[in-house]
Amino acid sequence: MTVARINRISEFEGKTVQLNGWVYNSRRSGKIGFLMFRDGFGIMQCIVAKNDVGEEAFEVFKSLTQESSLSVVGEVVKNDRAPGGFEMVVSELMVHQLSSEYPITPKEHGTDFLMNHRHLWLRSKRQHAILKVRHEIIKAVRDFFDSNDFTLCDSPIFTPNAAEGTSTLFGTDYFGNTAFLAQTGQLYGEAAAMAVGRHYNFGPTFRAEKSKTRRHLTEFWMVEPEIAYCEIDENMNWAERLILFIIERVLENRKNELDVLERDLGKLEHIKAPFPRLSYTECVELLNKGGINFTWGDDFGAPEETFIGEQFNQPVMVHRFPTAIKAFYMKRDPENEKVVLGMDVLAPEGFGEIIGGSERETEINLLEDRIKDEELNQADYEWFLDLRRYGSVPHSGFGMGIERVVAWICNLPHVRETIPFPRTIGRLNP
RNA sequence: UCCGGUAUAGCUCAGUUGGUUAGAGCAGCGGACUGUUAAUCCGCGUGUCCGUGGUUCGAGUCCACGUACCGGAGCCA
């Protein structure tokens, strides 16, 4: 018997096939049953009529509970009354396991309850759609870099040093020493870029920030390209092209999932280059003109990011931030030493920062000074300083948080639904 | 960490100025129905009212502390 998958069910119209899966929901109207059947690839309505399957099999159907596992055999037919346009007229049912008292009903539940049952919640239509979009975004990211001659070089998760200050690091015992979980792969990325020219790194990162917001996780996935012989404007070009490529791919392949999520596609279709590029100083002027009191030198908070984003309805690239609020490795602007050549990308619709990056400092003396200023241990960074001793070149890169991009593309209010098993300050389970 | 809010049935919630026996919908179980779309209709049940202490003749209701969760801030991707 041919085993079909629901996402390709139209190829099997008129044929008798088997489906392997689970009960999503079932309804009955006398001697005809409607089985919403989930196979992991999609959901399809299966018709179980007593006259077709016989008394015994109909009793089996009646005993099915939500999320029981089973296989069904039947003919695939077109029918406009069925959600999705196709349904199966069942001739045979094979139960693998009857589940009992599945906790997640088709009715409403609270966030905490659902998060406690995250391992089961993933089966629901909405969460399934998010998983598919997340996958599409990750695949787009990799395809984008792979097709532009970038080389993936994985950076370590255990690290001896801090890239961006020590207060937000998770420490673990490493044979009597402390190892920190990587909060970025960037310093290793710079080493890789000097080896392969164009590099990207993609992996989990860890931040022990005690942040309790809709935009923070303690464990999140980040893609970090690093490019040799690349200055800040070209860096922004790469970020712009990457975002456009992701949106194009998702609109091409995941419209159904975005429909399930009730995403307004117009807002995504409307995104096009060039994205507005504003210096930090120009943003401060924009904020003050807009009636938001903001002092030059402070870092943008969520309200400021939202305001700037709302002025354009496009991703906005902000560049040249005050030196004091940015990491030690960012290059000072040769035209104004109060600012560094950093750049952030703010997503529209109030989703805030999705990318942070910069042109990197190339002068070893300036780096050593900044390491001292930040009270970092220079010995930990000697290998990194070697990159400036042996063939230092202008180079740039950025980091893009996958979960924030997924939240924006799917229009989700909170990043906790963008990753299969979120880790936040208050949650380590399941 | 700070500010605000919530905690009552398996789930989502209501519960009046403090008053005697704490409710509804859904889920579950049984029944009716051959085109349902979170189906509908009939019948059946469930409680450490988050914990501890206090005020009171009397506390689910008021007060204090604790805990958990939700929303926001700071910080960041």
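A note on names: the letters A, B, ... follow the listed sequences, proteins ahead of strands, and every chain is numbered from 1. Note: hydrogens, waters and symmetry copies are ignored here, and every other heavy atom, side chains too, is used.
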Problem set entry | A:Phe34 over B:rG35, stacked by centroid distance under 5.5 Å, angle under 30° |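 Ring-base stacking flag not set for A:Phe34 and B:rG35.
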So what does [X] hit on the nucleic acid, given a heavy-atom distance under 4.0 Å: a base, only sugar-phosphate, or nothing?
X        : answer
A:His109 : sugar-phosphate
A:Ser100 : nothing
A:Asn79  : base
A:Arg416 : sugar-phosphate
A:Lys212 : base
A:Ile355 : sugar-phosphate
A:Met400 : nothing
A:Glu403 : nothing
A:Thr105 : sugar-phosphate
A:Leu217 : base
A:Phe113 : sugar-phosphate
A:Gly301 : sugar-phosphate
A:Glu224 : nothing

State the pairing partner of [N]; accept Watson-Crick or G-U wobble contacts with both distances under 3.5 Å, and report none otherwise.
N      : answer
B:rU21 : none
B:rC2  : B:rG72
B:rA27 : none
B:rU56 : none
B:rG66 : B:rC50

Nearest to side-chain heavy atoms of [X], which nucleotide of [options]:
X        : options                : result
A:Pro303 : B:rG71, B:rA73, B:rG35 : B:rA73
A:Lys210 : B:rU34, B:rC76, B:rU1  : B:rU1
A:Asn25  : B:rA77, B:rU36, B:rA38 : B:rA38

For this session: With RNA chain B as reference, determine whether A:Gly110 or A:Thr65 sits nearer its 5' end, using the nearest nucleotide of each.
Result: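 Comparing both residues, the 5'-ward one is A:Gly110.
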Exercise. Closer to the 5' end of RNA chain B via nearest nucleotide, is it A:Ile425 or A:Pro103?
Worked result: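 In this pair, the answer is A:Ile425.
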Taking atom [atom1] in both [N] and [M], compute the distance separating them and give it to the nearest angstrom.
N      : M      : atom1 : result
B:rC42 : B:rU48 : C1'   : 34 Å
B:rU55 : B:rG60 : P     : 16 Å
B:rC62 : B:rG19 : P     : 11 Å
B:rC65 : B:rG5  : P     : 13 Å
B:rA14 : B:rC33 : P     : 39 Å
B:rU6  : B:rU20 : P     : 24 Å
B:rG66 : B:rC29 : P     : 44 Å
B:rC63 : B:rG25 : C1'   : 34 Å

Problem set entry | Test log, rule side-chain contact (heavy atoms from CB on, under 4.5 Å), inputs A:Ser71 and A:His96 | CA-CA 8 Å; A:Ser71 298; A:His96 306 300; 2.8 Å; yes
For this session: Check step by step if salt bridge (Lys or Arg N to Asp or Glu O under 4.0 Å) holds for A:Glu136 and A:Lys139.
Result: CA-CA 5 Å; A:Glu136 193 69 39; A:Lys139 182 160 165 34; over 6 Å; no
Measure from [atom1] on [X] to [atom2] on [N] and round the result to the nearest Å.
X        : N      : atom1 : atom2 : answer
A:Leu114 : B:rG10 : CG    : P     : 17 Å
A:Ile104 : B:rA27 : CD1   : P     : 16 Å
A:Met115 : B:rG71 : CE    : P     : 10 Å
A:Leu35  : B:rG35 : CG    : P     : 18 Å
A:Asp80  : B:rG35 : CG    : C1'   : 13 Å
A:Glu101 : B:rC11 : CD    : C1'   : 12 Å
A:Glu87  : B:rG35 : CD    : P     : 13 Å
A:Phe170 : B:rC76 : CZ    : P     : 16 Å

Exercise. Can you check whether A:Arg28 has a side-chain N or O nearer than 4.0 Å to OP1 or OP2 of B:rG30?
Worked result: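 So the side chain of A:Arg28 is outside the cut-off, no N or O lying under 4.0 Å from OP1 or OP2 of B:rG30.
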Exercise. Under 4.0 Å between a side-chain N/O of A:Arg81 and OP1 or OP2 of B:rU34, yes or no?
Worked result: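 No, outside the criterion.
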For this session: Test A:His395 against every option in A:Arg360, A:Glu190, A:His199 by the side-chain hydrogen bond (donor to acceptor under 3.5 Å, both in side chains) rule and name the one that passes.
Result: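 Exactly one candidate clears the test, A:Glu190.
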Problem set entry | Result of checking A:Lys338, A:Arg320, A:His319 against A:Asp333 for side-chain hydrogen bond (donor to acceptor under 3.5 Å, both in side chains) |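 Of all the options given, the one that passes is A:Arg320.
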With no angle test and no hydrogens, is the base of [N] tied to the side chain of [X] by a donor-acceptor pair under 3.5 Å?
X        : N      : value
A:Glu108 : B:rG25 : no
A:Arg215 : B:rC75 : no
A:Ser211 : B:rC75 : yes

Assign the ring pair [X] / [Y] to parallel, tilted or perpendicular, where the plane angle (0 to 90°) is split at 30° and 60°.
X        : Y        : value
A:Phe144 : A:Phe245 : tilted
A:Phe321 : A:Tyr280 : tilted
A:Phe113 : A:His117 : tilted

Exercise. What's the spacing between A:Met44 CE and A:Leu19 CG if we round to 0.5 Å?
Worked result: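 Interatomic distance, A:Met44 CE to A:Leu19 CG, rounded to 0.5 Å: 5.0 Å.
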For this session: Please name the pair of heavy atoms, one in A:Ser99 and one in A:Gln66, separated by the smallest distance, quoted to 0.1 Å.
Result: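 So the two residues come closest at OG-O, 2.5 Å.
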